[in-house]
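Working notes, structure below.
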Amino acid sequence: MKISTKGRYGLTIMIELAKQYGQGPIPLRQIAADNDLSEAYLEQLVSPLRNSGLVKSVRGAYGGYMLSKPPHLISAADVIRVLEGPIQPVEGIENEAPPQRQLWMGIRDAVKNVLDTTSLEDLASYKEQDSDDGYMFYI
């Protein structure tokens with residue numbers, strides 16, 4: 001399964017909104033500038049997110065977008081399903097021979113599980129781990 005730029009950039013929008021949750025609306029131009037993305041493209045992506053009820057918009061000089069509910073209640077799967085459609089590794093699983101069907105269903109279920117159990121809060125609060133694996137080298 002390959003996630004397109006729609007899903008990737010849509011998730012970027014949602015993570016940025018999650019990072020600033022509770023601080024009022026965030027203009028898309030700010031998200032675009034902070035992430036070096038096209039504001040026009042983000043405008044196209046935020047529309048289905050708004051229509052699905054994941055974000056709400058505020059008009060005016062201090063307007064922008066904000067999450068419609070707390071970040072811990074929105075999963076990565078919610079965002080990906082809105083922008084990419086159903087999560088499936090191959091088309092026509094039902095037409096596959098039983099061994100392949102089982103494999104594809106296992107892959108689909110694993111991907112769904114990761115996306116379903118990862119909230120925007122998890123992604124917004126992610127801190128890169130040190131690559132230090134506990135070994136100390138002396139020279």
Side-chain angles (χ1 to χ4, degrees):
M1 177 177 163
K2 188 173 187 178
I3 304 292
S4 72
T5 56
K6 281 173 38 174
R8 291 173 44 218
Y9 293 176
L11 203 52
T12 298
I13 293 169
M14 298 298 282
I15 292 168
E16 291 298 321
L17 295 178
K19 285 178 181 177
Q20 300 185 43
Y21 182 74
Q23 299 178 21
I26 310 300
L28 272 188
R29 79 175 108 54
Q30 178 183 333
I31 296 172
D34 291 349
N35 292 278
D36 198 28
L37 300 173
S38 161
E39 183 180 352
Y41 190 47
L42 296 187
E43 284 284 353
Q44 293 175 20
L45 300 178
V46 81
S47 181
L49 294 169
R50 188 182 65 245
N51 292 340
S52 70
L54 293 176
V55 299
K56 50 188 175 179
S57 60
V58 177
R59 297 170 83 86
Y62 298 101
Y65 293 90
M66 54 190 178
L67 298 179
S68 60
K69 49 189 168 184
H72 72 274
L73 296 178
I74 302 173
S75 72
D78 296 331
V79 178
I80 297 300
R81 284 187 186 107
V82 166
L83 296 172
E84 299 283 351
I87 299 163
Q88 56 187 45
V90 295
E91 298 288 329
I93 284 179
E94 62 279 351
N95 299 327
E96 294 281 343
Q100 289 99 320
R101 185 176 334 123
Q102 190 65 34
L103 173 66
W104 303 139
M105 288 171 45
I107 292 170
R108 178 202 62 202
D109 293 346
V111 170
K112 283 173 65 172
N113 181 52
V114 169
L115 292 173
D116 283 334
T117 59
T118 304
S119 72
L120 289 182
E121 184 175 66
D122 297 331
L123 296 170
S125 63
Y126 177 80
K127 300 280 187 261
E128 193 160 348
Q129 299 296 317
D130 245 353
S131 62
D132 181 17
D133 55 6
Y135 292 105
M136 174 130 349
F137 294 97
Y138 295 96
I139 300 179

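What you see is a predicted model, and the numbers here were worked out from it, not measured in a lab.
Gln30 CD: more than 12 foreign heavy atoms inside a 6.0 Å radius.
Take Asn35 and apply the side chain to side chain donor-acceptor pair (under 3.5 Å) test, not counting sequence neighbours, and it matches no residue. A search for salt bridge (Lys or Arg N to Asp or Glu O under 4.0 Å) contacts involving Glu16 returns Lys19, not counting sequence neighbours. Annotation: side chain to side chain donor-acceptor pair (under 3.5 Å) contacts of Ser119 (sequence neighbours excluded): Asp122. Annotation: ring-ring contact (aromatic ring centres under 6.0 Å, His included) contacts of Tyr9 (sequence neighbours excluded): Tyr41. Here Ala97 pairs with Pro99, Gln100 under the side chain to side chain contact (heavy atoms under 4.5 Å, CB included) rule; sequence neighbours left out. Every residue meeting the side chain to side chain contact (heavy atoms under 4.5 Å, CB included) condition with Arg101, not counting sequence neighbours, appears here in chain and number order: Ile93, Glu96, Pro98, Met105.
Judged as a salt bridge (Lys or Arg N to Asp or Glu O under 4.0 Å), not a single pair has a partner in residues 28-52 (not counting sequence neighbours). Under the ring-ring contact (aromatic ring centres under 6.0 Å, His included) criterion, no residue pair touches residues 96-118, with sequence neighbours excluded.
Partner Ile15 forms a side chain to side chain contact (heavy atoms under 4.5 Å, CB included) with one of Leu11, Thr12, Ile13 and no other, that one being Leu11.
Distance alone, capped at 3.5 Å, is enough to place a donor-acceptor pair between the Ser52 side chain and the Leu49 backbone. Using modelled atom types, no side-chain atom of Gln88 and backbone atom of Arg108 make a donor-acceptor pair closer than 3.5 Å.
Residues Leu37 and Leu123 share a single hydrophobic cluster, defined by chaining ILVMFWY side chains whose heavy atoms lie under 4.5 Å apart. Val111 and Val82 are not part of a single hydrophobic cluster, where members link through side-chain heavy atoms under 4.5 Å apart.
Taking every heavy atom of both residues into account, Leu83 and Gly10 meet most closely at CD1-CA, 3.5 Å. In terms of heavy atoms, Ala32 sits closest to Ser38 at CB-C, 4.3 Å.
Summarising the geometry, atom CD1 belonging to Ile31 is positioned 10.0 Å from atom CE belonging to Met14; distances are rounded to the nearest 0.5 Å.
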Can you give the donor-acceptor pairs under 3.5 Å from side chains of residues 62-81 to other protein atoms, not counting sequence neighbours?
residue: Ser68; atom: OG; partner: Gly53; partner atom: O; Å: 2.3
residue: Ser68; atom: OG; partner: Leu54; partner atom: O; Å: 3.1
residue: Ser75; atom: OG; partner: Ala77; partner atom: N; Å: 3.3
residue: Ser75; atom: OG; partner: Asp78; partner atom: N; Å: 3.1
residue: Ser75; atom: OG; partner: Asp78; partner atom: OD1; Å: 3.4
residue: Ser75; atom: OG; partner: Asp78; partner atom: OD2; Å: 3.3
residue: Asp78; atom: OD2; partner: Ser75; partner atom: N; Å: 2.8
residue: Arg81; atom: NH1; partner: Asp116; partner atom: OD1; Å: 3.2
residue: Arg81; atom: NH2; partner: Asp116; partner atom: OD1; Å: 3.3

